[in-house]
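When a residue number appears, it is its place in the shown sequence, counting from 1. Small disclaimer: the values here were computed from a predicted structure and weren't measured. First listed ligand is number 1; within each ligand, the first listed atom is number 1.
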Amino acid sequence: MSSFDLTGRRVWVAGHRGMVGSAIARRLAGEECEIITATRNELDLLRQADVQSWMAEKKIEVVFHAAATVGGILANSTRPAEFLYENLMIAANVIEAARQTGVKKLLFLGSSCIYPRLAPQPMREEDLLTGALEPTNEWYAIAKIAGIKLCQAFRRQYGCDFVSVMPTNLYGPGDRYDAQGGHVVAALIMKIHTARMSNSPRVELWGSGTPRREFLFSEDLADACVFVMKHYSGEMFLNVGTGRDMTIMELAESIARIIGWKGTFTFDRSKPDGMPRKVMDVSRLSALGWSARTDFETGMKEAYNWYLANVANRGM
Ligand code: GFB
């Protein structure tokens with residue numbers, strides 16, 4: 001197994017304010033490295049020349065590339081241009097600037113939505129580009145596939161040690177609590193908490209409630225990213241997940257139990273279901289020695305407590 005030492009390195013966490021980036025920054029606190037960040041005001045990742053000069057000036061040696069324009073199924077399907085263009089440019093700018101400035105190692109974060117809509121489940125890394133993408137998030141998927149391919153091409157042609165990981169659906173501290181634009185876990189925490197506080201007997205789910213999803217706690221993903229950065233160097237990207245899925249209805253019922261709300265779920269079938277099922281084969285990463293360790297109940301309680309402390313009680 002390869003080993004890359006982070007001690008004393010100047011490490012940029014691109015996207016440090018997001019759920020994933022902030023979890024990576026917290027996880028890196030124990031790695032004796034210098035964590036470097038930049039806000040959107042300090043650095044516009046859509047401008048390649050700015051990215052390159054900033055990275056050269058900061059003497060960046062290692063990059064966790066967790067910066068992206070993200071959102072749930074509705075945001076992805078109603079803002080195709082932003083999701084394709086911005087994520088394409090952010091990936092291309094950071095990966096090329098890392099090459100130009102001699103970054104020692106870069107880890108690129110993709111997503112499980114890169115796989116074909118009807119890929120055999122659980123999805124293996126080899127299933128990439130073997131079928132049509134899911135229409136609701138093909139824009140984001142193509143940008144993420146481009147990022148993976150850039151890392152692979154730069155490794156082949158220039159010898160860059162750039163690796164990629166493909167996380168599944170995520171939840172945890174620092175999630176975006178936006179009822180329309182957010183992902184399903186954040187949206188359901190908001191809706192069900194609001195229903196409990198207002199004694200409402202009903203909560204509306206989008207779609208049919210039958211799609212199946214896998215949910216990984218964001219702190220586990222951060223741990224996986226540091227593990228891969230330290231112990232993996234190869235062209236093939238790695239799935240990061242729990243390998244277990246559930247229906248959206250089961251997810252909603254679990255969140256209701258944790259929040260302590262009893263009521264009825266209704267279904268807005270005008271909203272898309274998206275991929276019928278998304279669960280990943282995580283055997284490649286587990287063979288390297290990493291597996292997710294936060295159980296769903298524990299992780300979901302932590303996510304809800306973060307929401308209570310940072311969103312609900314601030315009237316946001
Ligand atoms: O997490 P989510 O927005 O996106 O939705 P994807 C997952 C499922 O939850 C869909 C259902 O079937 C939704 O219809 N759902 C039910 C809801 N109620 C709600 C709700 O109130 N809000 C939301 N958002 N969903 C994402 C991609 O796809 O997968 C991301 O859009 C990323 O870019 C992520 O790739 C991994 O799981 O369908």
Side-chain angles (χ1 to χ4, degrees), residues 15 18-20 66-80 82-84 86-88 90-91 108-119 121 123 128 133-145 147-148 164-172 175-195 202-218 221 237 239-242 245-256 265-280 303 307:
M19 172 167 63
V20 175
T69 296
V70 298
I73 192 164
L74 207 56
N76 268 269
S77 45
T78 55
R79 294 161 49 199
E82 286 172 71
F83 274 75
L84 176 52
E86 291 180 11
N87 289 303
L88 200 54
I90 290 169
F108 175 72
L109 274 126
S111 161
S112 63
C113 73
I114 61 169
Y115 291 109
R117 171 179 165 78
L118 300 175
Q121 304 286 331
M123 303 180 290
L128 181 64
L133 295 169
E134 157 59 37
T136 54
N137 54 36
E138 64 178 336
W139 326 96
Y140 183 67
I142 287 172
K144 287 300 181 181
I145 292 168
I148 295 168
S164 296
V165 294
M166 294 307 119
T168 188
N169 287 61
L170 300 170
Y171 68 97
D175 204 345
R176 279 177 62 245
Y177 283 89
D178 167 354
Q180 292 305 308
H183 289 97
V184 63
V185 169
L188 295 191
I189 285 176
M190 280 178 84
K191 288 180 178 179
I192 296 170
H193 174 79
T194 305
R202 264 181 309 286
V203 163
E204 185 177 79
L205 299 180
W206 292 354
S208 66
T210 60
R212 299 185 68 88
R213 293 291 186 274
E214 173 189 17
F215 297 101
L216 177 69
F217 190 50
S218 55
L221 173 62
F237 51 90
N239 286 344
V240 186
T242 63
D245 64 345
M246 64 179 77
T247 65
I248 295 303
M249 186 65 183
E250 288 161 343
L251 170 72
E253 287 163 346
S254 304
I255 293 174
F265 290 109
T266 59
F267 299 90
D268 173 359
R269 292 175 188 274
S270 74
K271 294 285 192 321
D273 270 340
M275 276 176 78
R277 190 177 182 204
K278 251 195 305 194
V279 59
M280 298 213 286
Y307 167 75

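- Side-chain contact annotation: S208 with D273, donor-acceptor N/O pair under 3.5 Å present.
- Backbone and side-chain nitrogen or oxygen atoms of S112 are examined, and none is located within less than 3.5 angstrom of a nitrogen or oxygen of ligand 1.
- Summarising the geometry of T247 relative to G209, their closest heavy-atom pair is CB-O, 3.6 Å, with the distance given to 0.1 Å.
- Checking G182, G181, P272, A187 against atom 24 (N) of ligand 1, the nearest heavy atom belongs to G182.
- Between R213 and ligand 1, at least one N/O pair is under 3.5 Å apart.
- Protein heavy atom nearest atom 21 (O) of ligand 1, with residue, atom name and distance: K191 NZ, 2.7 Å.
- Counting atoms of ligand 1 from 1 in the listed order, those under 4.0 Å from a heavy atom of N137 are 27 (C), 28 (O), 31 (O).
- Of all protein heavy atoms, the one closest to atom 30 (C) of ligand 1 is G71 O, 3.5 Å.
- When only non-hydrogen protein atoms are considered, atom 33 (O) of ligand 1 lies nearest to N76 ND2, 3.0 Å.
- Short contacts between ligand 1 and S111, defined as distances under 4.0 Å to a heavy atom of the residue, involve ligand atoms 32 (C), 35 (O), 36 (C).
- In this structure, the side chain of E214 does not engage the main chain of N169 through any donor-acceptor pair within 3.5 Å.
- Minimum heavy-atom separation, C113 to Y140: SG-CD2, 3.4 Å.
- The part of K278 lying near ligand 1 is the side chain, judged by heavy-atom distances below 4.0 Å.
- Residues that satisfy the side-chain contact (heavy atoms from CB on, under 4.5 Å) test with T266, not counting sequence neighbours, are R202, E204.
- Between G207 and ligand 1, no N or O atom pair is found at a separation short of 3.5 Å.
- The pair D245-K278 fails the salt-bridge criterion, with no side-chain N (NZ, NE, NH1 or NH2) lying under 4.0 Å from an Asp/Glu carboxylate O.
- In terms of polar-atom proximity, W206 is counted as a contact of ligand 1, with an N or O under 3.5 Å from an N or O of the ligand.
- Residues forming a side-chain contact (heavy atoms from CB on, under 4.5 Å) with S254 (at least two apart in sequence, or on another chain): R257, F296.
- Ligand 1 places these atoms under 4.0 Å from at least one heavy atom of C113: 35 (O).
- Closest protein heavy atom to atom 10 (C) of ligand 1: D273 O, 3.3 Å.
- A tilted orientation is assigned to the rings of Y307 and Y177, their planes being inclined by 30° to 60°.
- In terms of protein heavy atoms, atom 8 (C) of ligand 1 is closest to I248 CD1, 3.6 Å.
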Worked check of side chain to side chain contact (heavy atoms under 4.5 Å, CB included) between M249 and T210: CA-CA 7 Å; M249 186 65 183; T210 60; over 6 Å; no
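- Taking the centre and axis of the six-membered ring of F83, the NZ or CZ atom of R79 falls outside the cone set by 45° and 6.0 Å.
- Contact record, M246 with F215: CG-CE1, 4.1 Å, taken as the closest heavy-atom pair.
- Atom 15 (N) of ligand 1 has as its closest protein heavy atom V184 CG2, 3.6 Å.
- Annotation for ligand 1: atoms under 4.0 Å from non-hydrogen atoms of P211 are 12 (O).
- Nearest protein heavy-atom neighbour of atom 3 (O) of ligand 1: I73 N, 2.8 Å.
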